[in-house]
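Okay, so here's the structure we're looking at.
Quantities reported herein were computed from a predicted structural model and do not represent experimental measurements.
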Amino acid sequence: MSSRPIYLDSHATTPVDERVLAAMLPFFTEHFGNPSSINHLYGWEAEAAVKQTREILATAINATPEEIVFTSGATEANNLAIKGVAEAYFQKGQHIITVATEHSAVLDPCKYLKTLGFEITILPVQKDGLIDLTELEKAFRPETILVSVMAANNEIGVLQPLAEIGAMCRERNVLFHTDAAQAIGKIPLHVQAMKIDLMSLTAHKLYGPKGIGALYVRRRNPRVQLAPQQHGGGHERGMRSGTLYTPQIVGFGKAVEIALEEQATENQRLTQLRQRLWEKLSQLEGIHLNGHPTQRLSGHLSISVERVDGSALLLGLQPVMAVSSGSACSSATTAPSHVLMALGHSEQQAYASIRFGIGRFNTLEEIEEGAEHTISTIQSLRKQAFRV
Ligand SMILES: *Cc1c(COP(=O)(O)O)cnc(C)c1O
């Protein structure tokens, strides 16, 4: 085990926290009931556990438990939000606004809607990865029904100005959806103060299990209409049919509970580790930080490296550390990342980029070792290139 690479890819996924696993286990075997079974104890105890997670999630974002719809993750939540709103509001208008740096689980449903006749405006971002609010202002049309802007970016870590966007949408009676897969438990999220109408969540970026997420759907001021994308038994108030996955839901609740308890101290610790990593890496010349320097997730560092080949760099890092590259995260393709390209990078710059995701279980020693290995790998690649 000791020879396994240092895990520094916490924005791809995280391990399940032992405390989360312990909370989940009884719900596989002893408390295995169907939360929809209303006639016996097995159903009641499963339903009580599901209700508890609903309450934890609602409290975490200042919503009510009835506004939480469980899904299989953020991909499904994004699909339900975007396609569900499009289908429910198409008579009001057929224009949607989103951003070039969104996750493919937002961009691809929008592309799909385009084939059905919807018009999609894809806003550019500034060099620091943040949207320009005046661009958003110009993009609104009388037929705009939805704006979808993510809370925290998975590839470059930047935090978009949710409260400002929410205010602009509310003023114009346009619904506001945010993909908060990377944000929940890490930064404050407040659906009232930020005027958010729909919010996608997932557990596995937060030391919870994979395969469980949720969509927050506002019920009052305004009441959001949503066309279900999965039909069946009418679970989740008809918005998402399918037997609830109780163990995963219990794990999701526990994961969020722990993250909120530890948020302040953990953010401080992660910020220090990230600063240490950047302090060391930035001693090399030709290293650039991707994304806004301070308006970002605490454990997230994305860099572009001049004068190295991206794939050679990743190959050199792999034995020692697990990080992500600047190519598209879908394993089927090796296109340069659409997020880094949206920052104005060349393809070469996008390829020669590394994302470090520092997480709950990383230590200062791991950061030091990772930094030193990254530096020596870059130096030796540059030397080789010089010889050629
Ligand atoms: C991981 C991620 C998703 C996808 O979430 P799943 O739960 O894995 O489907 C969507 N959006 C963002 C920003 C993400 O980081």
Side-chain angles (χ1 to χ4, degrees), residues 11 60-63 74 77-78 81-82 85 95-103 105-107 110 120-141 144-202 205 215-216 218 221-222 224 260 263-264 267 270-271 274 289-302 338-344:
H11 301 94
I61 62 171
N62 288 280
N78 287 340
I82 295 167
V85 163
H95 178 237
I96 293 172
I97 302 170
T98 188
V99 183
T101 50
E102 292 294 310
H103 193 276
V106 164
L107 291 175
C110 287
I120 313 292
T121 298
I122 299 183
L123 296 175
V125 293
Q126 305 171 104
K127 274 198 164 355
D128 60 10
L130 296 176
I131 68 162
D132 180 345
L133 292 171
T134 60
E135 293 282 332
L136 172 60
E137 184 151 25
K138 282 188 277 179
F140 282 105
R141 302 180 196 166
T144 307
I145 51 172
L146 179 70
V147 170
S148 182
V149 181
M150 71 205 315
N153 187 277
N154 46 308
E155 288 192 42
I156 53 174
V158 302
L159 310 176
Q160 298 289 1
L162 299 184
E164 285 83 350
I165 299 165
M168 290 168 74
C169 292
R170 188 62 58 81
E171 224 171 80
R172 293 163 176 83
N173 263 318
V174 172
L175 296 177
F176 176 32
H177 165 250
T178 188
D179 175 351
Q182 296 284 351
I184 176 77
K186 297 177 190 163
I187 61 166
L189 292 171
H190 196 302
V191 295
Q192 308 308 343
M194 295 170 166
K195 299 185 168 55
I196 294 163
D197 300 310
L198 299 125
M199 185 191 291
S200 301
L201 305 173
T202 191
K205 310 274 171 72
L215 181 65
Y216 155 75
R218 178 179 287 280
N221 307 317
V224 175
L260 291 182
Q263 187 172 286
N267 272 337
L270 292 176
T271 302
R274 185 191 75 213
L289 177 71
N290 294 319
H292 195 281
T294 54
Q295 203 163 323
R296 61 187 304 113
L297 290 169
S298 55
H300 195 297
L301 184 73
S302 168
H338 70 277
V339 175
L340 296 170
M341 297 298 279
L343 298 184

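- Under the 4.5 Å side-chain criterion, counting only non-hydrogen atoms from C-beta, Thr178 is not in contact with Met194.
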Inset, instruction - Given side-chain contact (heavy atoms from CB on, under 4.5 Å), test Leu162 with Leu189 step by step and report yes or no. - result: CA-CA 9 Å; Leu162 299 184; Leu189 292 171; 4.0 Å; yes
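- Taking the side-chain contact (heavy atoms from CB on, under 4.5 Å) definition, one finds that Met168 meets it with Leu133, Leu136, Glu137, Phe140, Arg172, sequence neighbours left out.
- Checked by atom type and distance alone, the side chain of Thr202 never pairs as donor or acceptor with a backbone atom of Ala181 at under 3.5 Å.
- No side-chain heavy atom of Gln295 sits under 4.5 Å from any side-chain heavy atom of Val158.
- Residues Gly185 and Leu260 come closest through the heavy atom pair CA-CD2, 4.1 Å.
- For the residue pair Asn153 and Gln182, the shortest heavy atom distance occurs at C-CG, 4.5 Å.
- Under a 3.5 Å cut-off, the side chain of His177 and the backbone N or O of Asp197 do not form any donor-acceptor pair.
- Without hydrogens or angle criteria, Ser200 side chain to Ala180 main chain gives no donor-acceptor distance under 3.5 Å.
- The two atoms that bring Ala342 and Val125 nearest to each other are O-CG2, 3.6 Å, heavy atoms only.
- Across every non-hydrogen atom of Lys205 and Lys186, the tightest pair is O-NZ, 3.6 Å.
- Applying the side-chain contact (heavy atoms from CB on, under 4.5 Å) test to Glu135 and every residue at least two apart in sequence or in another chain returns Leu123, Pro124, Asp132, Lys138.
- With rounding to the nearest 0.5 angstrom, the NE2 atom of His11 is 12.0 Å from the CD1 atom of Ile156.
- With Lys195 as the fixed residue, the side chain to side chain contact (heavy atoms under 4.5 Å, CB included) test singles out one of Arg218, Glu171, Arg170: Arg170.
- Applying the side-chain contact (heavy atoms from CB on, under 4.5 Å) test to Ala193 and every residue at least two apart in sequence or in another chain returns His190.
- A donor-acceptor pair is defined here as one N or O able to donate and one able to accept, closer than 3.5 Å; no such pair exists between the side chain of Ser148 and the backbone of Thr98.
- Looking at Arg296, its side chain does come within 3.5 Å of a backbone N or O of His292 through a donor-acceptor pair.
- Taking OG1 from Thr121 and CD1 from Ile96, the interatomic distance works out to 10.0 Å, rounded to the nearest 0.5 Å.
- Looking only at side-chain heavy atoms (C-beta outward), Thr101 and Glu155 stay at 4.5 Å or farther from each other.
- Pairing each heavy atom of Asn62 with each of Val191, the nearest pair is O-CG2, 3.4 Å.
- Between Val147 and Ile165, the closest heavy-atom pair is CG1-CG2, 4.2 Å.
- For the pair Arg274 (side chain) and Leu297 (backbone), a donor-acceptor distance under 3.5 Å is present.
- In this structure, Leu146 and Leu198 have side chains that are in contact, with non-hydrogen atoms separated by less than 4.5 Å.
- A donor-acceptor contact shorter than 3.5 Å links the side chain of Gln160 to the backbone of Gly129.
- A distance of 8.0 Å separates OH of Tyr216 from CD1 of Ile196, quoted to the nearest 0.5 Å.
- The CD1 atom of Ile97 sits 10.5 Å away from atom CD1 of Ile145, with the distance rounded to the nearest 0.5 Å.
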